[in-house]
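These notes concern the structure reproduced below.
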Amino acid sequence: DGGITQSPKYLFRKEGQNVTLSCEQNLNHDAMYWYRQDPGQGLRLIYYSQIVNDFQKGDIAEGYSVSREKKESFPLTVTSAQKNPTAFYLCASRGLGHYEQYFGPGTRLTVT
Amino acid sequence: AQSVAQPEDQVNVAEGNPLTVKCTYSVSGNPYLFWYVQYPNRGLQFLLKYITGDNLVKGSYGFEAEFNKSQTSFHLKKPSALVSDSALYFCAVRVESNSGYALNFGKGTSLLVTP
């Protein structure tokens, strides 16, 4: 997990509240990604960003928003419009010219 | 669409025996394939990748994977399993769009190595 931090590790929120998950990397990677993991469904791409101030929707972007104001930071906001927000959220990054992504330790979000 | 499939939800193997975790792919063009491992409540760790070249790719922790173009497979292997190899394993393929690159993951295979 080294070089990519996600905080907090566990997060609890009430239904109807927006919540922001943090992702920071010190690897000088250009690309950053957010995935959602649910049991038995693997990882699904929420948003990704190849460069600062630019990002694209992934397969399940509805109910989520992101920003990329700095190269090292890619926060994800889970909005109240996301119908099933309880999940394990994983952030990843990739260096320019590299193929593999490196993952942070994840944040487990529980919304009740 | 570029995709991978992992046909087994769970694989059980005895410690010391060889292990295989299966992955098949469906891509247009040349496939860029990856294997990751995940321990409980942790992020994914990169094991190995196939981009081009030798069909047998060696990776971390004694794992290797065999790329087979005719069978569109990229199976993960290890000659002698350890109890500590018990984890969730994901196969992935690179997908390309006008906006850059991302990974499509399989649903994962849970590996259980028993003493």
Problem set entry | Joint cluster assignment, B:Tyr61 & B:Val113, ILVMFWY side-chain distance < 4.5 Å | yes
Exercise. Side chain, backbone, both or neither: which part of A:Arg94 has a non-hydrogen atom closer than 4.5 Å to chain B?
Worked result: side chain
Exercise. Do B:Val93 and A:Phe103 share a hydrophobic cluster, counting only Ile, Leu, Val, Met, Phe, Trp and Tyr and linking them when any side-chain heavy atoms are less than 4.5 Å apart?
Worked result: no
Problem set entry | Expected output: side-chain A:Tyr99 to main-chain B:Phe34 donor-acceptor under 3.5 Å | no
Which atom pairs, donor and acceptor, lie under 3.5 Å between side-chain atoms of residues 12-24 of chain A and protein residues at least two apart or in another chain?
from    : atom 1 : to      : atom 2 : distance (Å)
A:Gln17 : OE1    : A:Lys14 : N      : 3.2
A:Asn18 : OD1    : A:Ser80 : N      : 2.9
A:Thr20 : OG1    : A:Thr77 : OG1    : 2.9
A:Glu24 : OE2    : A:Ser73 : OG     : 3.0

For this session: Examine B:Val37 and A:Tyr102 and state if one hydrophobic cluster contains both, with Ile, Leu, Val, Met, Phe, Trp and Tyr joined whenever side-chain heavy atoms are less than 4.5 Å apart.
Result: no
Exercise. Should B:Phe74 and B:Tyr89 be counted in the same cluster of Ile, Leu, Val, Met, Phe, Trp and Tyr side chains packed under 4.5 Å apart?
Worked result: yes
For this session: Against chain B, label A:Gln6 side chain, backbone, both or neither, depending on which of its atoms sit under 4.5 Å from a heavy atom there.
Result: neither
Exercise. Given A:Leu45 and B:Val95, is the side chain to side chain contact (heavy atoms under 4.5 Å, CB included) satisfied, shown in steps?
Worked result: CA-CA 11 Å; A:Leu45 181 65; B:Val95 293; over 6 Å; no
Problem set entry | Interchain contact, A:Leu90 with chain B, by part (heavy-atom threshold 4.5 Å) | side chain
Exercise. Is it true that atom CG of B:Asn55 has more than 12 heavy atoms of other residues, nucleotides or ligands lying nearer than 6.0 Å?
Worked result: yes
Exercise. Is A:Phe74 reachable from A:Ile46 through a run of I, L, V, M, F, W or Y residues, each pair having side-chain heavy atoms under 4.5 Å apart?
Worked result: yes
Exercise. Can you list every side chain to side chain donor-acceptor pair (under 3.5 Å) pair that touches residues 103-114 of chain B, not counting sequence neighbours?
Worked result: B:Gln6-B:Thr109
For this session: Provide the closest heavy-atom pair for B:Phe46 versus A:Gln101 in the form atom of the first, atom of the second, distance.
Result: CB-O, 4.4 Å
For this session: Would you give the length of the straight line joining atom OH of A:Tyr48 to atom CG of B:Leu103, rounded to the nearest 0.5 angstrom?
Result: 11.0 Å
Exercise. What's the shortest heavy-atom distance between B:Phe105 and A:Leu43, and which atoms?
Worked result: CD1-CB, 3.9 Å
Exercise. What parts of residues 49-72 of chain A touch chain B if we use heavy atoms and a cut-off under 4.5 Å?
Worked result: A:Gln50, A:Gln56, A:Asp59
Exercise. Can you tell me how far OH of A:Tyr35 sits from CG of B:Leu44, rounded to the nearest 0.5 angstrom?
Worked result: 9.5 Å
Seminar exercise, completed: Listed by number, the residues in residues 11-29 of chain B that come under 4.5 Å of chain A (heavy atom to heavy atom) are none
Exercise. Taking the side chain as C-beta and beyond, is there a heavy-atom pair between B:Phe90 and A:Gln37 under 4.5 Å?
Worked result: yes
For this session: Would you give the length of the straight line joining atom CD1 of B:Ile51 to atom CD of A:Glu100, rounded to the nearest 0.5 angstrom?
Result: 7.5 Å
